[in-house]
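Proteins come first, then strands; the chains are lettered A, B, ... in the order of their sequence lines, and each starts at number 1.
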Amino acid sequence: MTPTVGVLALQGAFAAHVRILDRLGVATLEVRTAAQLESVDALILPGGESTTMSMLLERGDLIEPLRSKLSAGLPVLGTCAGLILLSSKILDGRSDQHALGLIDLDVRRNGYGTQLDSFETDIDVVGFDDPFHAVFIRAPVVERAGEQVEILAKVDDNPVLCRQSHVMVAAFHPELSDDDRIHRRFVDSAGY
Amino acid sequence: MAQDTGHQTGTTLVKRGLAEMLKGGVIMDVVDPDQARIAEDAGAAAVMALERVPADIRRDGGVARMSDPEMISGIRAAVSIPVMAKARIGHFAEAQVLQSLGVDYIDESEVLTPADEAHHIDKWAFETPFVCGATNLGEALRRISEGACLIRSKGEAGTGNIVEAVRHLRSILGDITKITTADSAELFDWAKQLQAPLPLVQEVHDTGTLPVPMFCAGGIATPADASLVMQLGAQSVFVGSGIFKSSEPARMATAIVEAATHFEDAAVIAKVSTGLGSAMKGLEIGELETKLAERGW
């Protein structure tokens with residue numbers, strides 16, 4: 001059996017992630033149910049609205065299966081809203097919003113402001129020879145990163161690409177750039 | 001955030017990117033902060049701030065304009081999800097006001113009374129992204145050529161009747177399929193027939209899709225309506241009168257959010273449709289005095 005990378009497809013930019021993984025020749029599965037979650041070997045939590053995704057996870061009884069799979073070491077990449085869901089603390093979130101606590105970060109939703117403050121910029125990433133062109137859409141700001149968190153890139157002193165054990169998160173959208181290096185690094189680190 | 005290190009704001013990638021984030025979601029029409037909170041609590045991916053939902057605009061008549069800025073600011077303060085607002089077709093001054101208020105998306109909308117009978121807004125001139133309605137592929141490509149970053153099928157707003165949205169979606173997607181298999185000489189004729197720029201027709205031919213996301217609007221009143229249009233190929237749904245004209249708005253909103261995610265799973269649609277109260281009453285298209293979808297050029 002070839003390994004399969006799941007992309008959580010409750011809401012948001014899941015199709016863009018699937019497109020990049022297809023290009024890398026990786027088998028993918030859109031994940032909307034616990035049974036689908038059970039069958040994947042790695043997982044991407046895409047961007048979108050973190051409040052919407054949190055509610056849909058809860059209504060689909062996916063919170064506990066997701067937490068247990070991720071705690072057991074399922075490799076995961078969270079982008080934007082995915083970063084928010086994986087973090088340990090959400091500042092300014094809704095009181096009913098879930099933080100799965102898989103990476104020791106405090107994040108502020110929409111930390112840069114409204115859509116008018118959304119931007120693209122080149123960032124230096126640890127381990128990449130050339131800058132990565134990063135797109136930030138109503139992006140979260142990481143206000144605190146714990147000691148175990150490895151910071152792979154920063155913008156204006158705020159971490160924007162981080163890793164802790166099998167959990168990698170980006171405040172930006174690597175799925176929107178025409179550059180598959182971050183996906184490749186994730187897939188490689190997952191052991192494929 | 002453009003102060004220092006080469007941060008570029010308002011680019012096409014940034015503007016189309018937000019539309020990408022709204023996929024698989026529901027954008028709900030709201031007329032005040034209370035409705036906006038109900039929408040966010042139900043899991044809306046965004047809200048559309050407007051003065052009256054289309055069903056009331058249709059009933060009350062008169063000129064429908066951009067909303068009061070105070071109402072838009074109140075809605076922005078009430079929720080953390082993106083807030084969209086409508087400007088009249090061609091009314092670039094209303095759009096400038098909406099941009100200055102910091103709304104996340106502007107809908108140049110046929111639901112409001114058009115301000116210009118020949119010209120749509122030059123949307124490239126704005127940093128705020130625009131969504132526009134379309135009834136066919138030519139109209140969609142003309143709006144994209146003017147700078148729209150998201151297309152929605154128009155349907156017939158305020159009717160609770162899905163038939164027009166289905167017709168528009170089938171027309172747009174059917175023509176995309178035909179263009180994909182056309183040879184290069186035929187593309188010139190397609191551009192002529194569609195009254196659309198040749199480079200965009202060629203892009204559709206090469207990619208098999210619109211250059212921007214395509215959502216559905218106009219007439220969605222039940223979870224099954226949302227499932228129908230998403231199975232046909234819409235990537236998200238706008239729901240206007242369908243929520244707050246139903247007997248139990250919060251439940252209807254939640255049900256349509258679930259339907260947009262699990263649109264291919266009939267068991268989920270059945271479950272969320274059960275005991276939902278009555279959907280909005282709805283109107284027969286043949287009996288309408290004004291067809292909003294005919295506005296726009």
Aromatic ring pairing Phe136(A)/Phe119(A), orientation class (parallel under 30°, perpendicular over 60°, tilted between): parallel

So, Asp22(A) and Arg19(A), do they make that salt bridge, N to O below 4.0 Å? no

Go through it in stages, so that I can follow the logic: the residues are Asp117(A) and Arg138(A), the test is salt bridge (charged side-chain N to carboxylate O under 4.0 Å, His left out), and I'd like the CA-CA distance, side-chain angles, deciding distance and then a yes or no. CA-CA 7 Å; Asp117(A) 304 297; Arg138(A) 288 171 46 94; over 6 Å; no

In terms of ring plane angle, is the pair Phe130(B) and Phe126(B) parallel, tilted or perpendicular, where the classes change at 30° and 60°? perpendicular

Which one of His173(A), Met55(A), Arg59(A) has the most heavy-atom pairs closer than 4.5 Å to chain B? Arg59(A)

Mind ranking Pro82(B), Pro129(B), Ala19(B) by heavy-atom pairs under 4.5 Å with chain A and telling me who comes out on top? Pro82(B)

Part of Leu56(A) lying under 4.5 Å from any heavy atom of chain B: side chain

To the nearest 0.5 angstrom, please state how far the CG atom of Asp107(B) sits from the CG atom of Leu50(B). 9.0 Å

Cut-off 4.5 Å, heavy atoms of chain A, and the answer for Glu40(B) is both

Between Glu258(B) and Arg32(A), is the closest basic N to carboxylate O distance under 4.0 Å? no

So do Leu100(A) and Leu66(A) actually touch side chain to side chain, heavy atoms under 4.5 Å? yes

Between Ser118(A) and chain B, with a heavy-atom cut-off of 4.5 Å, which part of the residue counts as in contact: side chain, backbone, both or neither? both

Which atoms of Phe263(B) come close to chain A, meaning under 4.5 Å heavy atom to heavy atom: side chain ones, backbone ones, both, or neither? side chain

Under 4.5 Å heavy-atom distance to chain A, tell me which part of Ala44(B) shows up: side chain, backbone, both or neither. backbone

Measuring only between side-chain heavy atoms, which start at C-beta, is Gln115(A) closer than 4.5 Å to Tyr105(B)? no

Picking from Ala9(A), Gly12(A), Ser50(A), Ser54(A), which has the most non-hydrogen pairs under 4.5 angstrom with chain B? Gly12(A)

Ser80(B), Ser236(B), Gly17(B): which one forms the most heavy-atom pairs within less than 4.5 Å of chain A? Ser80(B)

Which region of Asp41(B), side chain (C-beta onward) or backbone (N, CA, C, O), has a non-hydrogen atom less than 4.5 Å from a non-hydrogen atom of chain A, or is it both or neither? both

So which residue, Leu22(B), Val268(B), Leu13(B), Asp265(B), ends up with the most heavy-atom pairs under 4.5 Å with chain A? Leu13(B)

Relative to chain A, which segment of Thr254(B) carries a heavy atom at a distance below 4.5 Å: side chain, backbone, both, or neither? both

Run the side chain to side chain donor-acceptor pair (under 3.5 Å) check on Ser227(B) and His262(B) step by step: do they pass? CA-CA 8 Å; Ser227(B) 168; His262(B) 301 285; over 6 Å; no

At a 4.5 Å cut-off on heavy atoms, which part of Arg16(B) comes close to chain A: side chain, backbone, both, or neither? neither

Heavy-atom contact with chain A under 4.5 Å, split by part of Pro213(B): neither

